[in-house]
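Read the structure below first, then the notes.
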Amino acid sequence: MAEIRRTFWSTVVWLVGGMVGLLASTGAAEEGWKAGVARVKITPEQPLWMAGYGGRDHVAEGTTSELWAKVLVLEDGSGQRAVLLTLDLVGIDRGTTQAIAERLAEKYQVPRERLAVCTSHTHCGPVVGFNLRPMHFERVAEAEQQKILAYARKLEDQVVGAVGEALQNVSPVRLSWGSGRTTLAVNRRTNREAEVPQVRAAGQLQGPVDHDVPVLAVRTPEGGLRAVVFGYACHATVLSFYQWCADYPGYAQTELERLHPGATAFFWAGCGADQNPLPRRTVELAQEYGRRLALAVDDVLNAPMATVEPQLAVQYQEIPLPLDKLPTREAVAQDAESRDSFVAARARMFLREIDAGRPLSPTYPYPVGSWNLGQDVEWIFLGGEVVVDYALRLKRERRGKATWVAGYANDVMAYIPSRRVLQEGGYEGGGAMVYYGLPTVWAPEVENIILNALRP
Ligand SMILES: [Zn+2]
């Protein structure tokens, strides 16, 4: 009997063990999302030149709100990973992104295509490497140039460290998405800034806008909010003073983190190159716009959201985006004598290159990335300051999908006008090229070239 009983119990143990094993393997086959999160403060610790406005004549004087780099690592059910890096910075140059990407590939085996770098376009952050080079780097003393390069190197170290930290804390999560709305963005090409309050009150604001607020919620299996990722298509130019400040996107992130203790909020800038937050110029307005954006996100978080299946498909390419007819060396040499200090700075930069045997390039390696999250969410990452027409056209052409279009991603090398804006001209159509250090305007076909690169 004892013998039989032992056999009986060992059979039960074996059966239960087998069932547990079976459940475990079923669980493995239906693995869900995992995520890792980290953040690091990137507010400069010493006085440094500020980026975004050519009119500033000295370095920052203090800090109104801290600047952050934040990392979200997502891992799908089959173990495919991607790294989202958001930065409270005006932009980032190609060299800094490349340096970060190379180090992530070497240190953590994260391939280039699995990294997306998004900037908020705050105009109260530091100069980043060669971003807006003729506006900033080329026009400051050499000692200041060294400080600018030292900041970029430190930023690389900090970001690489934060990615390592996020990879360490990858754990199971649930992803869901939704979309909200807020109306603070105003088309700045078609509305006079001083008249906006009256024109808005009359319901007569003109020009295309994108008021969508896309939201991705990252929740623990128990339902706690671990991270929230959101975007908005509008310049972060409420403020223009001499204080470090993340502008309205910073206040929006802080407010969401206050509403959801323990969660990390990530902001990415959409196609807001021709959009301004109006009226502007006070800290109170930056806080108010931040609060409004945060509440739009929070409304989405508090309503039923759509589940994102644990599948991640990532693409990244750099396409040769054509410029219009290049200037001759003679024309560049003439520009070097210009009384416009930005035009002269750009020309001197080109002459150094041309005379070193590196002629002006007729194309620019333009970064186009996309992440497909589950069946429904398609998230596109475009470089440069992209005008709103791109997001509106992509959303129109891809009806049925939740299409999110980030601009200011991976490399902010210029404004990216649509065909319409390019033909209309003005600052976004071509005037801003001088500040970015590209030799002329884009070729007329760039809109279609970029959109063709995104054809499924
Ligand atoms: Zn801008």
Side-chain angles (χ1 to χ4, degrees), residues 49-56 67 86-94 96-97 117-137 184-191 193 207-210 231-241 245-250 267-281 285-286 289 293 342 346 364 366-367 381-391 405-418 421-422 424-438 441-442 446:
W49 280 82
M50 304 180 76
Y53 294 113
R56 285 200 180 100
L67 310 177
T86 66
L87 300 165
D88 293 329
L89 293 173
V90 77
I92 192 163
D93 61 312
R94 179 174 162 79
T96 304
T97 297
V117 182
C118 289
T119 59
S120 73
H121 204 43
T122 175
H123 281 49
C124 292
V127 176
V128 185
F130 294 146
N131 181 238
L132 289 160
R133 185 166 177 171
M135 184 187 265
H136 301 304
F137 188 85
L184 62 98
V186 175
N187 191 303
R188 70 185 193 184
R189 290 171 61 85
T190 46
N191 301 282
E193 184 160 346
V209 292
D210 177 7
Y232 195 61
C234 184
H235 260 72
T237 47
V238 180
L239 298 167
S240 53
F241 55 5
C245 182
D247 209 285
Y248 82 83
F267 173 84
W268 50 268
C271 299
D274 45 355
Q275 313 288 315
N276 264 344
L278 299 177
R280 54 181 178 162
R281 301 301 185 213
L285 279 169
Y289 295 150
L293 179 53
F342 303 107
R346 175 176 67 165
Y364 188 92
Y366 181 77
F381 299 93
L382 298 178
E385 300 206 39
V386 186
V387 300
V388 74
D389 293 351
Y390 283 85
V405 192
Y408 304 89
N410 294 306
D411 176 6
V412 185
M413 79 305 288
Y415 273 81
I416 305 297
S418 58
V421 171
L422 191 64
E424 288 173 7
Y427 187 76
E428 298 87 357
M433 287 305 227
V434 60
Y435 305 112
Y436 275 103
L438 287 181
V441 297
W442 293 111
V446 291

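Ligands are counted one by one from 1 in listed order, and the atoms in each one are counted from 1 as well.
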| said: For Phe137 and Phe130, take the angle between the two ring planes, folded into 0 to 90°, and tell me which bin it lands in: parallel under 30, tilted 30 to 60, perpendicular over 60. | reply: perpendicular
| With sequence neighbours left out, what residues match Ser418 under side chain to side chain donor-acceptor pair (under 3.5 Å)? | Asp389
| message | Which atom name does Glu385 have for its N/O/S atom nearest to the Zn ion (ligand 1)? | response | OE1
| message | As a test of reading the structure, name the N/O/S atom of His235 that is nearest the Zn ion (ligand 1). | response | NE2
| task | Give me the ring orientation class for Tyr415 and His235: parallel if the planes are under 30° apart, tilted from 30 to 60°, perpendicular past 60°. | result | parallel
| the Zn ion (ligand 1) reached by His121 (N, O or S, under 2.8 Å) | yes
| Is there a donor-acceptor pair closer than 3.5 Å between any side-chain N or O of Gln275 and the backbone N or O of Pro208? | yes
